[in-house]
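Each remark here refers to the structure printed beneath this line.
When reading the values below, keep in mind they use all heavy atoms of this one structure, side chains included, and skip hydrogens, waters and symmetry mates. Letters A, B, ... are given to chains in the order of the sequence lines, protein chains preceding strands, and every chain is numbered from 1.
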Amino acid sequence: MPTVPALRVAHLSKRYGAQVVLDDLSFEVAQGETLVLLGPSGCGKTTMLKTLNRLVEPDAGTIEVNGQDVRQLPPAQLRRGLGYVIQQVGLLPHLTVAQNVGLVPGLLGRPAAETQARTAALLERVHLPAARFGALLPAQLSGGQQQRVGLARALAADPPVVLMDEPFGALDPITRAAVRRDFRELDELRRKTVVLVTHDVAEAFELADRILLLNQGRIQQLGTPRELLRQPANDFVRQFFQAERLGLEMRVTTLAELRPYLTQAPLGGAAPPEAAGTVAGAGADVAQPWAASVHEALAQLAQAPGGGLALPGWPQPVGQGQLLAAFGRWLELPSPSESA
Amino acid sequence: MKTLTELLAFWRDHLDKLGQQTLMHVALTAAALLLGVAVGVPLGIWLTRHRRWQGLVLGAAGVLQTVPSIALLGFLIPLLGIGAAPAILALLLYSLLPIIRNTVAGIESVDPAVVEAARGLGFTDGQVLRRVQLPLALPVLMAGIRTATVINVGVATLAAYVAAGGLGEFIFGGIALNNPAMILAGAVPAAALALAFDGGLGWLERQSARRLRAAGGALLLALPLLAAAYWLPRATGRLQAGFSPEFVGRADCLPGLTRTYHLRRLPSVVLAPALVYEAARDGHVDVIDGYSTDGRIRAYGLRVLQDDRHALPPYFAAPVLRPQLLRAHPELGPVFDQLSGQLSDSAMTTLNYQVDYLHREPRAVALGWLHRHGLYRAPRPLPPGAPVVRLGSKIFAEQYILIEMYAALIRGNTNLGVQTKTGLGGTTICFEALRGGKIDMYPEYTGTGLQVLLQPSAAVLDSLGGRPAAVYQYVRAQFARRYGLEWRAPLGFNNDYCLLMRQGQAGQLGIASISQLGRYLGR
C-alpha cells in the first residue's frame, strides 16, 4: 500500500483584510515525521497550524489529513483526531489533572475504565504518577508540570497527528530543557506525526525532522535542519540562522564529518586516564557513535567530566578539548593552539 | 419601646396575614428571579457571541434600572392590569441588569487560552459553553443573581400597590395610617428576607465549584415551587373588592363597614389609591373604595353605594394654616374665607372630572370656576421684596385645583407673592411641613385630621358619632391646642370615603346601598 502523507497542504492562502498572512503554501508531512514551523513572530506559523485543525478557516487551498479533506469533517470531530498543545496549556481549571487528561477519550465516548487506565499510563510517562498528581487541580501544579499534563492530554486519545503551538514557550529555560527532553524521549510521540510551531531556532534544530521556515506568509525553505543551515535557499534563510550559527552547526555536524580534523594526540599533551576510558551508556544511546552530532557527543562528555568518548576504529577515547579543537578546525576557526 | 410592643402586638393579631404576605413576597421574588435567570442568562450568553449588541442591551437594561419602580408599575398597569403579572414583570425588568451583566462578565472572564484549548481538543460550541464557560463563570453569575434577589425583595414591597400582595400591604397601610408599628410589621420581615436571601446566596457563592453546581441546580428547582406558593387557593366570593391601604387599615373604614353592614365573603386585594378606579372600570375588581367627589366616578361610570347607616366618617375640606401667617398678614383671612361654603359636592366632582378625565390643567379649571363665580381678579403687580405665602397640596387632582384657586385669590386680592408646593406625598408629609414652617397652608379634610393625625380613642369617636359639625369642632379645637394650627371654615363639600361599583353591575344586581351589598353577599 503506497503510504499516504499524514498531512498534505496545497495552495493554502489566508488574509486578514488587506494583510496576507498565508500566501499559497504547499507542503506534505510524512507519517511519523516531526515538522517544525519556524519563523519570526508574525510570519504566519501559528495561523498555519490553526488551519490544520480548522481553528482558522483558510480563504483558499486544501488540507488533507491522512488523505481526507478536513472540510469534509465537522470541526469538533476533526479536532478530536488531532492532538493539540498550546503555549498557555489551557487546562480546564475546574477539573482535576486526571479529568483533564481524560477529556478527549470522554468526548469520543470511550469506556471510562479504558480512559482511566490510559490516563494513568500517560501521567506515569510524563513523570506525574496518577496516584500523586491525578486528583490535583491544575493550579496546584508548576508551569512545567502543567505543560506535561497538556502533553498527556493531547496524546490521550492516541491521535495519529499532534499539533503543538510553542509548547515550551512559557517555561523558564531550565524547566524548558527538562520538559523538552521528556518530550523527545516520549516513545508515544516518536511514532506520531508532529507539527510544532516555535520561534526558537535551537529548539527547532533539536526536535525537527524537517523545518518549514516561514516569513511574511511565504515558505522560505523546507528541509532538514542540515539542509537549511548548509544549503540556504536565500539570504533570509542564511541570515535567520546567522546569530546562532555555531550552536546549530554543532547540532548538524557529525563526528564522521570531523574525523579528518581529529588529531591522534589530545591537545595539551597527557593522555586521559584509562579508568575514565569510556562514558557509560554512550554506545547504547548512539547506535553508531560516528553518526552522533558534536552537540550530542559534548552532552555525553559533560556527564563525565574529564572522561573520553570511545569511537570505533579510533585508538584512544576522544576528550572534550580534542573534540572542540577538531570542530574549530572544521569550521576554519583558529584553534586554541594556533592562536597561542 | 412603645413602638416595639405595638409591633409585637400587631404581629400577634395579624399572624396569619403576616405568614401569607411573607409567603407571597417570597413567591413574587422567586417567580421574578426564575424568569430573570431564564431570560437574563441566555441573553448574556448571546451577548458574549454578538459583542456589538452589548452596549445597546446593557444600556437598555441600565435605563430600565433607573426608572422609578412606582413609575414602572404605572406603565405596566394599562398593559397587564393589576395583580401578579405587572408586579412580576416589573421585578423581572429590575433583575435583568445584574443578571445579564454578570453573565457577560463571568463568561468573558474565562481565560481565552482555556477556551481555545477546549475548542482545539474537539469540544463543540455547546460543550465549550456547558462544560467550560458556564462552570467557570458560575461564581460571577451567582453574584449577579444575588444582587438581583436583594433588589427584588426590596422592590417587591411595591407589589402591594398593584394588588399583588406581599409585605408592602402592611408598609403602605402603615404609611397611609401614620402607624409606625404597622410600617415596621412589613418592613422588618422584608429586611429580614433580604438579609436571609443575601446570606444564603452568599454562602452558596463560597462553596466549591462542584457543590455550587449542585446547589445552583437545587435553586433552579426550588424557585418554581416557591413561585407556585403564590397561586395557592385563596378565599373566593361572589364579588371581588379592591381597597386602598388606608381604607383597609382604618378602624372607621373597612372594619367599621364590615361591622355595621355585616359584610361577609368579600375577598379583597390591596391597591394603590390611584389605581382602584381603573381596576374597577376594567373589571379586575367589583367593589372599591373612593372619594365621593372624585371626577373618575362620573368618568368611569361608577355608582356610589349609599352609606345608609352613616358608618363612614365625614370629610369636609378646609384650609389649615399657621396662625403666624394671619398675624403677619391679616388681609389673608378674608381671602381664604372667600371660598367658604362655596363648593358643593357636585361642583367639586365636576371640577375633578375636568382634571382627572378631560385632562385639563388644574390651573385653568380653577381660574374658570373663579371667573364664573365672580371671584377672579387680575394679579396685582408685586412690590419688590414682597413676602411670599407658601401653599402645599397632597398628590391628587382636587388638592391641585384648590391650591390654584387660593393662589389666584391671594395674587388678585393682596400684595403678597405665592409659591405652591404641590404633590406632597401624603397627609403626614403635608402636616409635618406645615408644623415645621416649610409651608403656610394646605387643604385638609376633617376626617383625615381626626383619624390619621389626632387618632382619638374609640370613646371619643363614638361621642362624635360621624356628625360633620361635631367632627369639625373637635378637630379645630384639638389642632389649635395640640399643634397651634388653625382650621378655617369648610369649603362646603364632603369628600368622604364611599364604596363604589360599576353602574352596570350594580344595576343588574340591584345594589344601590351598602346595606343591599351586605344582603347580596350574605345570600
Side-chain angles (χ1 to χ4, degrees), chain A residues 46 49-56 70 73-96 99-109 137-139 146-147 149-157 159 161-167 169-170 197, chain B residues 41 44-45 48-52 102-145 203-220:
Chain A
T46 291
L49 188 80
K50 288 183 176 175
T51 58
L52 297 179
N53 64 0
R54 293 184 67 185
L55 284 174
V56 171
V70 294
L73 287 174
Q77 196 186 330
L78 169 74
R79 291 173 196 149
R80 288 169 197 176
L82 298 170
Y84 190 51
V85 182
I86 60 174
Q87 177 174 352
Q88 307 89 338
V89 193
L91 297 179
L92 306 194
H94 56 303
L95 301 184
T96 65
Q99 285 171 330
N100 264 288
V101 175
L103 277 177
V104 183
L107 290 177
L108 290 168
L137 289 173
Q146 290 187 15
Q147 194 52 278
V149 176
L151 195 59
R153 182 174 68 175
L155 296 174
V161 178
V162 180
L163 309 178
M164 301 191 173
D165 190 359
E166 303 257 9
V197 165
Chain B
V41 171
I45 292 168
T48 60
R49 289 163 186 210
H50 301 85
R51 303 196 53 160
R52 60 206 181 88
N102 281 44
T103 305
V104 172
I107 288 181
E108 293 196 337
S109 70
V110 175
D111 185 356
V114 172
V115 175
E116 198 209 315
R119 293 185 62 210
L121 289 173
F123 281 64
T124 61
D125 284 352
Q127 286 168 330
V128 170
L129 181 65
R130 283 194 309 278
R131 297 180 55 179
V132 182
Q133 289 175 314
L134 280 181
L136 292 175
L138 205 54
V140 180
L141 212 160
M142 283 300 293
I145 294 177
W203 173 83
L204 253 184
E205 263 179 68
R206 290 190 299 277
Q207 301 309 300
S208 69
R210 196 180 311 270
R211 287 174 70 181
L212 183 57
R213 253 170 293 157
L219 185 70
L220 281 183

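- For chain B, the nearby parts of A:Leu92 are the backbone and the side chain; heavy atoms of each come within less than 4.5 Å.
- Only the backbone of A:Leu82 comes within contact range of chain B, with heavy atoms under 4.5 Å apart.
- For the pairing with A:Gln147, the side chain to side chain contact (heavy atoms under 4.5 Å, CB included) check across A:Val89, A:Leu91, A:Ile86 returns one residue only, A:Val89.
- Of all heavy-atom pairs between A:Ala154 and A:Pro159, the closest is O-CG, 3.3 Å.
- Checked options B:Ile107, B:Ile145, B:Leu141, B:Val140; the residue passing with B:Asn102 is B:Val140 (criterion: side chain to side chain contact (heavy atoms under 4.5 Å, CB included)).
- Listed for the A:Arg54 side chain is a donor-acceptor partner under 3.5 Å among the backbone atoms of A:Val70.
- A:Val85 does not touch chain B: none of its heavy atoms, backbone or side chain, sits under 4.5 Å away.
- Proximity to chain A is limited to the side chain of B:Leu136, based on heavy atoms less than 4.5 angstrom apart.
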